[in-house]
Amino acid sequence: MKITSDIRYIGVNDHKIDLFEGQYDVPNGMAYNSYVIIDEKIAVFDTVDARFGDEWMSNLKNVLDGRTPDYLVVQHMEPDHSSNITTFKNEYPSATIVASDKAFLMMKQFFGNDYIENRMVVKENDTLSLGKHTLTFVTAPMVHWPEVIVTYDSYDKVLFSADAFGKFGALDIEDEDGWACEARRYYFGIVGKYGVQASNLLKKVSTLEINTICPLHGPVLNENLSYYIDLYKTWTSYSVESEGIVISYTSVYGNTKKAIELLKEELMKNGCPKVVLNDLARVDMHEAVEDAFRYGTMVLATTTYNNDVFPFMREFLYELLERGYKNRKIAIIENGSWAPSAGKKIRSMLEEAKGLDILEKGVTIRSAMTEQNREEIKELARELLN
């Protein structure tokens, strides 16, 4: 695939993977992206997952047309991008590996070789000339590993963005939900903890004239870049993206579910633009995490279990806290037949989060809703929309 007259795509699609990074459901597969700039000198950008080494090497040789690459730029050492470094060096021993100092330390850990005799360590704003193409390297620590660099080609105005602007899904499957849905789930699942670092990277590259973004996962972005960049600004700053309220709940015998269904009805009746319900025992947990960051208000409704929070709710809260959940309004509905304590436990768990406005008055249900509970839920709906 041609990206520009000199830049080629040589990545691969993975349709056999079921869980990315051992936890993220990827029903549309995954893409491992790799690129080549062909100039007086040739630079290859990153390799691919170990299982696709032969396919990737075949793609590389096809675009090289008998030439030998001069450089392998290693932007990220996670194995889905770095596993074929040794394969590359065995095929092209004279090529120089270009990476950060931390990346070479990781190469030693992964492969037992840090290529000390044939390497180029790059730092912030270091450059490399390929001929008419000049590469500038920008450090991106903790987006989302400490060794990450991104690369800017000033000739074609292309940003090779590593895991930034990545997305779940193979490139040969059309995503009916568009870019943002799986890019958002990817960002908050994988990079979300490091919003400050990702925001710093955006600030660094904001001075560059960029026509094309080439991430390590997901499609090449070359139209309406302000749309993608503005979304990333929202995500990295933990700002609210969409109007609406998300209700994340667990329900054992259906009584808590009846309560949140009544709440949804009241919210819609009072003009809420959108209400999203997530049954934490059944929904993809990372979809629920995505929604928690997308909307500005969330209701947590759960049963008390073993004098604690129901397990799926507890897992959900841990997922949010791990990713730096902040700057949101929260309401709590608890249920318990003899000693309801889930609400207190949730408040305690959320103490470490920053900027949360947790409504002082929640709703406590004892087994099943009473008429008083119904009135409390109606009042809660009005307060959430106030």
Side-chain angles (χ1 to χ4, degrees), residues 143-144 164-168 177-203 206 224-249 260 263-264 266-280 283-301 313 316-333 346-347 349-362 380-386:
V143 186
H144 61 115
F165 297 96
K167 174 184 175 294
F168 292 126
D177 293 325
W179 182 85
C181 183
E182 287 291 66
R184 185 188 303 107
R185 187 165 70 98
Y186 176 93
Y187 173 81
F188 283 113
I190 294 173
V191 187
K193 180 178 181 178
Y194 306 106
V196 171
Q197 291 86 346
S199 180
N200 289 340
L201 175 61
L202 285 182
K203 291 173 185 175
S206 65
N224 195 21
L225 293 188
S226 61
Y227 166 75
Y228 306 106
I229 293 170
D230 286 346
L231 275 177
Y232 247 70
K233 288 178 180 177
T234 297
W235 298 344
T236 60
S237 64
Y238 302 92
S239 298
V240 175
E241 179 185 346
S242 301
E243 291 187 32
I245 294 175
V246 58
I247 304 175
S248 300
Y249 73 97
I260 62 99
L263 178 59
K264 178 180 179 180
E266 291 298 316
L267 287 169
M268 298 298 288
K269 187 187 300 182
N270 285 278
C272 186
K274 187 168 185 177
V275 180
V276 178
L277 301 185
N278 282 326
D279 180 350
L280 298 175
V283 74
D284 178 346
M285 186 62 71
H286 299 105
E287 293 275 5
V289 169
E290 171 194 345
D291 284 336
F293 281 95
R294 181 174 184 175
Y295 299 98
T297 300
M298 181 166 63
V299 179
L300 300 169
M313 177 62 75
F316 176 61
L317 295 174
Y318 282 138
E319 293 275 358
L320 295 183
L321 292 171
E322 183 185 1
R323 289 159 177 80
Y325 186 69
K326 64 179 70 173
N327 305 336
R328 299 294 189 273
K329 181 189 286 187
I330 302 290
I332 299 171
I333 299 174
I346 289 173
R347 290 177 185 274
M349 289 183 69
L350 293 179
E351 283 180 355
E352 67 180 82
K354 297 178 180 179
L356 293 186
D357 176 16
I358 304 177
L359 299 188
E360 184 176 346
K361 188 176 181 181
L380 178 61
R382 289 190 288 270
E383 187 173 359
L384 287 171
L385 294 173
N386 185 12

Distance, nearest 0.5 Å, that separates [atom1] of [X] from [atom2] of [Y]:
| X | Y | atom1 | atom2 | result |
| --- | --- | --- | --- | --- |
| Ile247 | Leu280 | CD1 | CG | 11.5 Å |
| Trp179 | Tyr186 | CH2 | OH | 11.0 Å |
| Leu356 | Glu351 | CG | CD | 11.0 Å |
| Arg294 | Asp291 | CZ | CG | 7.0 Å |
| Ile358 | Arg347 | CD1 | CZ | 6.0 Å |
| Leu202 | Trp235 | CG | CH2 | 11.0 Å |

* To do: Measure the acute angle between the ring planes of Phe188 and Phe293, then classify it against the limits of 30° and 60° as parallel, tilted or perpendicular.
  => parallel
For the residue pair [X] and [Y], what are the closest heavy atoms and their distance?
| X | Y | value |
| --- | --- | --- |
| Val191 | Ala198 | CG1-CB, 4.4 Å |
| Gly244 | Pro273 | N-CG, 4.1 Å |
| Ala183 | Lys167 | N-CG, 3.8 Å |
| Tyr295 | Glu243 | CE2-O, 3.6 Å |
| Ala164 | Val143 | CB-CG1, 4.5 Å |
| Met298 | Ala292 | SD-CB, 3.8 Å |

Looking at residues at least two apart in the chain, or sitting in another chain, which of them share a side chain to side chain donor-acceptor pair (under 3.5 Å) with [X]?
| X | value |
| --- | --- |
| Asp357 | none |
| Glu266 | Lys269 |
| Lys203 | none |

So do [Y] and [X] actually touch side chain to side chain, heavy atoms under 4.5 Å?
| X | Y | value |
| --- | --- | --- |
| Lys233 | Asp230 | yes |
| Glu287 | Asn278 | no |
| Leu317 | Tyr325 | no |
| Leu231 | Tyr187 | no |
| Ile333 | Leu380 | yes |
| Leu384 | Lys329 | yes |
| Ile332 | Leu359 | no |
| Phe168 | Ile190 | yes |

Which residues satisfy the salt bridge (charged side-chain N to carboxylate O under 4.0 Å, His left out) test with [X], sequence neighbours excluded?
| X | answer |
| --- | --- |
| Glu383 | none |
| Arg323 | Glu319 |
| Glu241 | Arg184 |

* **Under 3.5 Å: donor-acceptor pair, side chain of Tyr238, backbone of Gly324** =>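 Absent.
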* Backbone of Lys326 reached by a side-chain donor or acceptor of Arg328 within 3.5 Å ->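 Side chain of Arg328 to backbone of Lys326: a pair is present.
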* To do: I would like to know whether Leu201 and Ser199 meet side-chain contact (heavy atoms from CB on, under 4.5 Å); could you show each step before the answer?
  => CA-CA 5 Å; Leu201 175 61; Ser199 180; over 6 Å; no
* side-chain contact (heavy atoms from CB on, under 4.5 Å) between Leu385 and Ile245: does it pass, once the steps are laid out? -> CA-CA 9 Å; Leu385 294 173; Ile245 294 175; 4.1 Å; yes
* **Crowding at OH, Tyr227 (>12 non-hydrogen neighbours, <6.0 Å)** =>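 Yes, enclosed.
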* Counting only heavy atoms not in Lys361, do more than 12 fall under 6.0 Å of its NZ? ->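 At most 12 heavy atoms, drawn from other residues, nucleotides or ligands, come within 6.0 Å of this atom.
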* Does the pair Leu300 and Tyr249 meet the rule for a side-chain contact (heavy atoms from CB on, under 4.5 Å), with working shown? -> CA-CA 6 Å; Leu300 300 169; Tyr249 73 97; over 6 Å; no
* To do: Any chance you could lay out the side-chain contact (heavy atoms from CB on, under 4.5 Å) test for Glu182 and Asp177, step after step, and finish with the verdict?
  => CA-CA 8 Å; Glu182 287 291 66; Asp177 293 325; over 6 Å; no
